[in-house]
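As structure tokens, the structure follows; a few thoughts come after it.
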Amino acid sequence: MIWPALAAALRRDSAARVPFLIAGREAGSVARVDLWSLRAWPHWLTVTDERVTLTASDPDAALAAVNIALREQGLVRAWRDEPYAIVDLADGERLASTERAAARFWGTLTLGAHATGYVADLVGR
């Protein structure tokens with residue numbers, strides 16, 4: 001069984017985005033219009049017109065540094081200071097951690113839970 005969110009992520013527009021790989025495994029996708037911003041880190045990222053590959057020996061530290069710069073450039077918004085796992089899109093294995101707000105930039109799978117609660121009081125009876 002494939003999760004609906006994962007199926008949607010795998011149907012990305014290949015004309016608009018390129019795969020994002022970590023350790024040779026597909027982890028997400030990056031918008032072609034943002035590839036220029038990633039060329040500043042050739043020691044951590046290999047950027048071509050076909051893909052972006054994270055090659056850093058410490059992917060968590062590299063992504064943390066890159067994400068801060070992307071935030072300063074206005075490419076990552078709604079910063080949360082919340083570490084979030086990046087997983088292999090094929091099997092769900094954890095590949096790295098990133099700032100949750102950067103998940104959209106990297107096109108990684110995101111999951112969340114939302115709860116709504118109601119409290120009865122004397123006014124709302």
Side-chain angles (χ1 to χ4, degrees):
M1 178 186 110
I2 189 166
W3 295 335
L6 180 55
L10 293 172
R11 287 190 307 266
R12 71 180 172 279
D13 178 359
S14 61
R17 301 185 70 85
V18 298
F20 170 52
L21 290 85
I22 299 174
R25 298 164 76 178
E26 193 166 358
S29 64
V30 175
R32 287 183 186 276
V33 298
D34 293 328
L35 293 179
W36 66 270
S37 66
L38 300 177
R39 290 191 165 91
W41 298 280
H43 50 290
W44 291 328
L45 294 165
T46 301
V47 181
T48 69
D49 290 338
E50 290 80 36
R51 70 181 47 84
V52 174
T53 304
L54 181 64
T55 58
S57 59
D58 184 347
D60 294 355
L63 284 169
V66 171
N67 288 338
I68 288 169
L70 293 174
R71 176 177 66 170
E72 290 169 357
Q73 295 172 26
L75 296 173
V76 172
R77 296 183 201 98
W79 199 268
R80 296 173 174 91
D81 287 321
E82 180 183 347
Y84 197 77
I86 296 177
V87 299
D88 183 316
L89 293 179
D91 63 16
E93 183 179 333
R94 183 195 175 284
L95 301 174
S97 288
T98 192
E99 157 62 32
R100 185 179 183 104
R104 181 165 291 161
F105 178 89
W106 297 108
T108 59
L109 177 67
T110 58
L111 302 171
H114 304 274
T116 302
Y118 296 94
V119 177
D121 61 15
L122 295 175
V123 176
R125 302 195 245 172

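Just so we're clear, the structure is a prediction, and the values are computed from it rather than from any experiment.
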- request: With I22 as reference, evaluate I86, V52, T53 under the side-chain contact (heavy atoms from CB on, under 4.5 Å) test and give the passing residue.
  value: I86
- request: Going by the side-chain contact (heavy atoms from CB on, under 4.5 Å) test, name the single residue among L109, T108, L95 that passes it with L89.
  value: L109
Which atom pair, heavy atoms only, marks the closest approach of [X] to [Y]?
X   : Y   : answer
A56 : A62 : CB-CB, 3.5 Å
E26 : P19 : OE2-CB, 3.9 Å
S97 : R94 : OG-NH2, 2.7 Å
L63 : A96 : CD1-CB, 4.0 Å

Verify, without hydrogens or angle tests, whether [X] (side chain) and [Y] (backbone) share a donor-acceptor contact under 3.5 angstrom.
X    : Y   : value
E50  : V18 : no
R100 : E82 : no
R51  : T48 : no
T55  : W44 : yes
R32  : A15 : yes

- prompt: To the nearest 0.5 Å, how far apart are CG in L54 and CH2 in W41?
  reply: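 So the CG of L54 and the CH2 of W41 are separated by 12.0 Å.
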- request: Take I68 and W79, measure what side-chain contact (heavy atoms from CB on, under 4.5 Å) needs, and give me the verdict at the end.
  value: CA-CA 9 Å; I68 288 169; W79 199 268; 4.2 Å; yes
message: Quick check on the hydrophobic clustering: are V47 and W36 connected, directly or via other members, by side-chain heavy-atom contacts under 4.5 Å?
response: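 Same hydrophobic cluster.
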field: same_hphob_cluster(L45, L21) at 4.5 Å side-chain heavy-atom cutoff
entry: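 As far as the 4.5 Å side-chain criterion goes, L21 and L45 are not connected within one cluster.
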query: Is R71 atom CZ crowded by more than 12 heavy atoms from other residues, nucleotides or ligands, each under 6.0 Å away?
result: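 For R71, atom CZ is crowded (more than 12 foreign heavy atoms under 6.0 Å).
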- prompt: Do the charged groups of E93 and R25 touch, with an N to O distance under 4.0 Å?
  reply: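 Counted as a salt bridge, because a side-chain N and a carboxylate O are separated by less than 4.0 Å.
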- prompt: Going by atom types only, do N67 and W106 share a side-chain donor-acceptor pair under 3.5 Å?
  reply: yes
query: Looking at side-chain heavy atoms only, is the closest gap between L70 and S37 below 4.5 Å?
result: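 Yes, close enough: below the 4.5 Å cut-off.
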